[in-house]
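Remarks on the structure that follows.
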Amino acid sequence: MSSLQPVRGTHDLMGEDARRHRHIVETFREVAELYAFREIATPIFEFTDVFERTLGDTSDVVTKEMYTFVDRGGEQLTLRPEMTAGVARAFISNGLAQDLPIKFFGHGPMFRYERPQKGRMRQFHQIDAEILGVPEPQADIEVIALAHHVLSALGLGDKITLELNSLGDVESRLAYRARLIDYFSAHRAALSEDSRMRLERNPLRILDSKAAEDRPIVEAAPAIAESFNAASREFFDAVRRGLDALGIGYAVNPRLVRGLDYYSHTAFEFTTTHIGAQGTVLGGGRYDGLIETMGGPATAGIGWAAGIERLALMVTPPPESRDLIAVVPVGDDPAVQAAALALANRLRRAGHAVDQGYRGNVGKRMKRADKLGASRALILGESELAAGIVQLRDLATGEQRSLPLDAVEAAFA
RNA sequence: GCGGGUGUAGCUCAGUUGGUUAGAGCGCUAGGUUGUGGCUCUAGAGGUCGCCGGUUCGAUCCCGGUCACUCGCCCCA
């Protein structure tokens, strides 16, 4: 084993793994364009402040998972742990409030200092979709429909379920939070150690605790819907009616909460039981207060992100398909070498994939052509060159015939 | 950050109750075929047995630590 190891939690992508990633990103791009989303690519690092201000100063991501460093100019920078904050920052930086509503999709690497596990890397990749400037539930519906469409286009329709909840608007959520603190404080002694911690920092998180001792207490906890005001209730109902109209099945999970602080109203996750402990494959929600928090104009927002590595664990990648032609020069006569080079160049310019081996006799080069999966070989030696022809060999059938050198493109058209 | 499992060739894995030259299959290289791939036959290269330390006459094997991977917790996509 080499002493040159990759950084913990990072991974080299090659061969089939690379194809899986590309398949996911390309499928996402195709579907997102059907929904009239436009691509955005923001920097993979931002001023640390961009994330600290938006993700909440009690969230695990901010308090212990960020890759933060000081650059040579003395700036505090952070490798992005998620995409939404960067998109929101770009929205403000570029004055996009003029163009509302706006729909963005993007993808790329994210970084979190976590203990690596199946489907959990320190550098991981997400696909991401955001709608800005639409306070109506139509945006929630569209964004969930897009997620659902992407997952089914990836062939995962029967492996995932949609869980849905509403956190209510800010007023409702604060009211609920207060009720929860009252309730859980009364049961404080019986709670797990983790949950006692959560009581201080993020009481909503106790709701999705897996600790056995928490479960009966959580079961009897007040439901969030009881704290909804009329507007919150109507908003959630509208989202559900929209999903029903689209025939998108979901399960309301009143204990579904989001880890980052900027969410309100709709929260949703697509989950699976197929990839071990990491059940969430795609998660998102509404973040109406985020852009204002960052110093921009009050702007509604909703979006989601999905982990490409997690999707890749479930996806069947399309087979590698390419029609490759091998150009095989015979011998080391300079005129032959030059003619082979020119032939390969002509074919590439005409849009054909061509491999020309760098060395070896005909046997070696044919072997390489076979290994690369070439469908045909063009064999060119001194006698062919003198006659102005080339041998065309079909590598699947073994049939071989000669062809005028200047008729090759026509034969492949 | 916490708990369990695993580290032997490029890959998948044997093996040594502690003993001198650590194996297989696949892959790779070369040759049988100096102008023809797949199949086949032959030969070869490739390992500080993850790393550091301890016990021992002797450690890849036992013990401790460490690093990495992995499963779960936490968290999240």
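Letters go in sequence order (proteins before strands), and every chain restarts at 1. These numbers come from a predicted model, not from an experiment.
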Assess whether one donor atom and one acceptor atom, taken from the side chain of A:Gln391 and the base of B:U36, lie less than 3.5 Å apart.
no
Distance-only donor-acceptor test (3.5 Å): side chain A:Arg115, base B:G3:
yes
Can any side-chain N or O of A:Arg122 pair as donor or acceptor with the backbone N or O of A:Pro116 at less than 3.5 Å?
no
Let's test this: given Watson-Crick or G-U wobble pairing with both distances under 3.5 Å, identify the partner of B:G1.
B:C73
The residue, A:Met121 or A:Tyr113, whose nearest nucleotide of RNA chain B is more 5′ is A:Tyr113
Does the structure show a Watson-Crick or G-U wobble partner for B:G23, both distances under 3.5 Å? Name it, or say none.
B:C13
On the nucleotide B:G72, are OP1 or OP2 found under 4.0 Å from the side-chain N or O atoms that A:Gln117 carries?
yes
For B:G31, take OP1 and OP2 only and decide whether either is under 4.0 Å from a side-chain N or O of A:Lys364.
yes
C1' atom, B:C61 versus B:C41: distance in rounded Å?
38 Å
Any side-chain N or O of A:Lys371 below 4.0 angstrom from OP1/OP2 of B:C28?
yes
Can you find a donor-acceptor N/O pair under 3.5 angstrom joining the side chain of A:Arg310 to the base of B:C76?
yes
Would you say the side chain of A:Asp370 and the base of B:G38 hold a donor-acceptor pair, judged only by whether the two atoms sit under 3.5 Å apart?
no
So, A:Ser375 and A:Asp323: side-chain donor and acceptor under 3.5 Å apart, yes or no?
yes
Given that both distances must come in under 3.5 Å, which nucleotide forms a Watson-Crick or G-U wobble pair with B:G37?
none
Please tell me if A:Arg8 has a side-chain N or O lying less than 4.0 Å from either OP1 or OP2 of B:C69.
yes
C1' atoms of B:C52 and B:G44, separation to the nearest Å:
35 Å
Are A:Glu384 and A:Ser402 linked by a side-chain donor-acceptor pair shorter than 3.5 Å?
no
A:Gly398 near the nucleic acid: base, sugar-phosphate alone, or nothing, with a heavy-atom cut-off under 4.0 Å?
base
Counting only distance, no hydrogens or angles, is the base of B:G37 paired donor-acceptor with the side chain of A:Arg393 under 3.5 Å?
yes
Let me spell it out: for each of A:Thr10 and A:Glu269, pick the nucleotide of RNA chain B with the closest heavy atom. Which residue's pick is nearer the 5' end?
A:Thr10
Pi-cation contact, A:Phe235 with A:Arg286 (under 6.0 Å, within 45°)
no
Rounded to whole angstrom, note down the C1' distance from B:C62 over to B:G72.
29 Å
Within the modelled atom types, does a donor on one side and an acceptor on the other bring the side chain of A:Glu114 and the base of B:G1 under 3.5 Å apart?
no
Going by purine N1 to pyrimidine N3 plus the second Watson-Crick contact, or the G-U wobble pair, all under 3.5 Å, which nucleotide sits opposite B:A68?
B:U6
Counting distance alone, no hydrogens or angles: does the base of B:C71 have a donor or acceptor under 3.5 Å from a partner atom on the side chain of A:Arg120?
no
For the residue pair A:Phe412 and A:His352, is the inter-centroid distance of their aromatic rings smaller than 6.0 Å?
yes
